[in-house]
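Step one of this worksheet: look at the structure below.
Whatever order the structure lists them in is the order used to number ligands and atoms, beginning at 1. Numbering starts at 1 and runs along the sequence shown. Everything numeric in this text was worked out from a predicted model, so none of it was measured.
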Amino acid sequence: MSTARITLQTLRERKADGQRFSCLTVYDASCAQLAATAGIELLLVGDSLGMTVHGRSDTLGVTLADIAYHLRCVRRGNRGSLLAADLPLGSYTTPALAAASAAELARAGAEVVKLEGGRWLAEQLRLIVRCGIPVCAHLGLCPQSVHLYGGYCRQGSDPKQAAEIEADALALEEAGASLLVLECVPAALAERISHQLSIPVIGIGAGSGTDGQVLVLQDMLGISEVAPPFSRDFLRDTGSVAAAMSAYRAAVLAGEFPPASDLAP
Ligand code: KIV
């Protein structure tokens, strides 16, 4: 698989052409190299590393220094995929703090930074973009808010909540977001938002109607202690990490993963 450099423009063109793209979390150089070589378009140094790498029960203990450390590792292994990283809990509570945190991740190699939350983050998002750093918004189930929900629960199932998520998506696009992740929302809602927005929308546990899909690496390899029900073990049928990554990407691009039958109400 050739690994021509992927940019935000590539993902925008994919959306315009109706072509899907894949995203995978990675936290170290060797997995980054394998994923980029497999053609995974977008690599994400997610704060899920608090759970997958550090062994915590949630993402809340992850610091900006943790993300920057893993990002530098991933950057060394990357071979031309677009590289995004999470702003961890507490690192974007004000516009000035958000801009400083985003700049630190950009210095460590992030080409896009991701933050969790709705319209109330518009000012943070605007300032980060004004500093020259693209932003990916994250709506639906936002793991940094797990204690507000009382668990990792599906979001947007009732019409009022769905309307809030839709309004947040439009507001964050208007504020300058370049990408949007929708996590654990009904497929119909995710598909509607993907059609409404001009920026690429990436789903996880959100059905097959989004422009891209993301999985946590360990879930995709079937090595998480508890994998979410929407995930698939791509390693079992392929036998190597590299082949599993290629199979995951191929299934996403072909519209076979997630299956249309996963369309949640
Ligand atoms: O932290 C993470 O891995 C994420 C993805 C699941 C989207 O935010």
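- Checked against a 3.5 angstrom limit, the closest N/O atoms of Glu183 and ligand 1 fall outside it.
- Heavy-atom proximity to Asp47, at under 4.0 Å, picks out these atoms of ligand 1: 1 (O).
- Per-residue contacts place Ile204 under 4.0 angstrom from the following atoms of ligand 1 (heavy atoms of the residue considered): 6 (C).
- No continuous path of hydrophobic side-chain contacts links Leu11 to Leu44 [ILVMFWY only; heavy atoms under 4.5 Å].
- Side chain of Ser178 to backbone of Pro134: no donor-acceptor contact under 3.5 angstrom is found.
- With respect to atom 8 (O) of ligand 1, the closest heavy atom belonging to the protein is Lys114 NZ, 2.8 Å.
- Clustering of Ile, Leu, Val, Met, Phe, Trp and Tyr side chains at separations under 4.5 Å places Tyr149 together with Met51, Leu60, Leu89, Leu141, Val146, Tyr152.
- Side chain of Gln155 to main chain of Cys153: a donor-acceptor pair is present (N/O by atom type, distance under 3.5 Å, no hydrogens or angles).
- The list of ring pair (Phe, Tyr, Trp, His ring centres under 6.0 Å) pairs with a residue in residues 66-116, not counting sequence neighbours, reads His54-His70.
- Heavy-atom proximity to Gly46, at under 4.0 Å, picks out these atoms of ligand 1: 1 (O), 2 (C), 3 (O).
- Set against the non-hydrogen atoms of His138, the atoms of ligand 1 under 4.0 Å away are 8 (O).
- Hydrophobic clustering of Ile, Leu, Val, Met, Phe, Trp and Tyr side chains at less than 4.5 Å, counting indirect connections, unites Val135 with Ile133.
- Close approach to Asp86 involves these atoms of ligand 1, each under 4.0 Å from a residue heavy atom: 1 (O), 2 (C), 8 (O).
- Under a 4.0 Å criterion applied to the non-hydrogen atoms of Thr25, ligand 1 contributes the atoms 3 (O).
- Not one N or O on the side chain of Glu173 forms a donor-acceptor pair closer than 3.5 Å with the backbone of Leu197.
- Closest to atom 7 (C) of ligand 1 by heavy atom, among Thr52, Asp219, Val45, Leu44, is Leu44.
- The nearest protein atom to atom 3 (O) of ligand 1, hydrogens excluded, is given as Ser48 OG, 2.5 Å; this is a heavy-atom distance.
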